[in-house]
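All ligand and atom numbering here is 1-based and tracks the order in the structure. In what follows, residues are counted from 1 in the order of the sequence shown.
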Amino acid sequence: MVVQADEGRLTKPPRILLATAVPQERDAVARAFTEAVEERRLPGGAVLHRVRTAARPGAPVADLLAAGVGPARAAAATASALTAAALAGEPYGLVVSAGIGGGFLPAAPVGSLVLAELITAADLGAESPEGFLPVTALGFGTVTHTPPPELVRRAAAALGCPAGEVLTVSTVTGSAARAAVLRARHPRALAEAMEGFGVAEAAAAHGCPVAELRAVSNPVGPRDRAAWRIPEAFAALTGGMRKFLPVLESWTEEQVPDRG
Ligand SMILES: O=C(O)c1cccc(C(=O)CC[C@H]2O[C@@H](n3cnc4c(=O)[nH]cnc43)[C@H](O)[C@@H]2O)c1
């Protein structure tokens, strides 16, 4: 792949950063790729696994990152990866938060996949006698990031899965009452997980688009850890990522303004 300087702008296809929470999720994502290329340690200790989507010279590469559990850890590790790439002159053009998650029934049963149309911090705000106030109502920041709609549309078609709101929570929902509260506040929610919003905040700070893919390991509701179907969700994640990759590649290729 030839890199051309165009008035200081790099014109090779942007790289993709795929951020999971735990190494097992990262490995499930890695199984969708053809070839491992190298490992790099980031400042702060997180490790990037560079993978190639096809065993041919110049094939697009992606970096996989087990960023940690929860929005804060995920944001910190993702920001490190984004900063390191920018300083190396190889900025990412897309960040994808991927992993397992809880699904809201009936739209997202165990073993299914969901894509985020909206990535929403569901518990970032304040309680009040009148109910929950999102942090935006307090005059701060944001609670929602919006992945590129055309990317989501193409990906949902390729994966044959629904797209909707994916919630980020710091506490895994463990009761029917809490699930009902979230459902009432977010009628279009398909799933909850713990990292998407953190990954999206880091991406936004770098002006980078973000997407989120979740494979459902458990229903959102009363806690029953023994019933989580983690291997099934990992298998769904690998299968979904295999279908997602060509969409990601073609989409990022289209984002290159001038191939020269
Ligand atoms: O116990 C194991 O073997 C195991 C292996 C790999 C991963 C796990 C996790 O617990 C992953 C935590 C990760 O999963 C997301 N997640 C899954 N279900 C939910 C949920 O109902 N609500 C919120 N988050 C969920 C979350 O993103 C965690 O980071 C265990």
Side-chain angles (χ1 to χ4, degrees), residues 17-32 46-47 49 64-78 81 95-116 118-124 143 145 147 161-162 164-186 188-203 210-241:
L17 176 64
L18 289 156
T20 66
V22 298
Q24 296 100 315
E25 292 173 306
R26 178 201 61 211
D27 294 345
V29 170
R31 287 192 280 277
V47 178
H49 290 242
L64 310 188
L65 174 69
V69 171
R73 188 73 196 91
T78 303
V95 180
V96 182
S97 172
I100 63 175
F104 287 94
L105 293 172
V110 169
S112 69
L113 295 163
V114 303
L115 282 158
L118 296 174
I119 300 171
T120 298
D123 52 15
L124 184 61
V143 289
H145 291 278
C161 75
E165 194 167 18
V166 176
L167 308 182
T168 301
V169 293
S170 292
T171 303
V172 175
T173 298
S175 68
R178 177 67 182 162
V181 165
L182 290 175
R183 218 185 253 284
R185 271 190 220 146
H186 304 279
R188 295 189 52 226
L190 293 175
E192 69 165 38
M194 301 178 78
E195 294 79 27
F197 184 77
V199 170
E201 284 279 82
V210 68
E212 183 170 6
L213 173 67
R214 290 283 161 185
V216 176
S217 53
N218 56 282
V220 176
R223 182 166 176 78
D224 181 6
R225 185 64 178 75
W228 284 31
R229 295 288 173 259
I230 290 175
E232 289 88 332
F234 286 164
L237 186 59
T238 304
M241 197 51 73

Which heavy atom of Gly196 sits nearest to which heavy atom of Ile119, and what is that distance? C-CG2, 3.5 Å
Cys161 and Leu115 have their tightest heavy-atom pair at SG-CD1, 3.7 Å
Under the salt bridge (Lys or Arg N to Asp or Glu O under 4.0 Å) rule, what pairs show up with a residue in residues 211-225, not counting sequence neighbours? Glu195-Arg214, Glu212-Arg214
Does Pro222 have any side-chain contact (heavy atoms from CB on, under 4.5 Å) partners at least two apart in sequence or in another chain, and if so, which? Ala176
Once side-chain contact (heavy atoms from CB on, under 4.5 Å) is applied, do any residues pair with Ser175, and if so which ones, sequence neighbours excluded? Ala177, Arg178
Any idea which residues sit under 4.0 Å from ligand 1, heavy-atom distances? Ala21, Val22, Gln24, Val69, Ile100, Gly101, Gly102, Val172, Glu192, Ala193, Met194, Glu195, Arg214, Ser217, Asn218, Arg225, Trp228, Ile230, Phe234
Any sub-3.5 Å donor-acceptor pair from Thr120's side-chain atoms to Ala122's backbone N or O? no
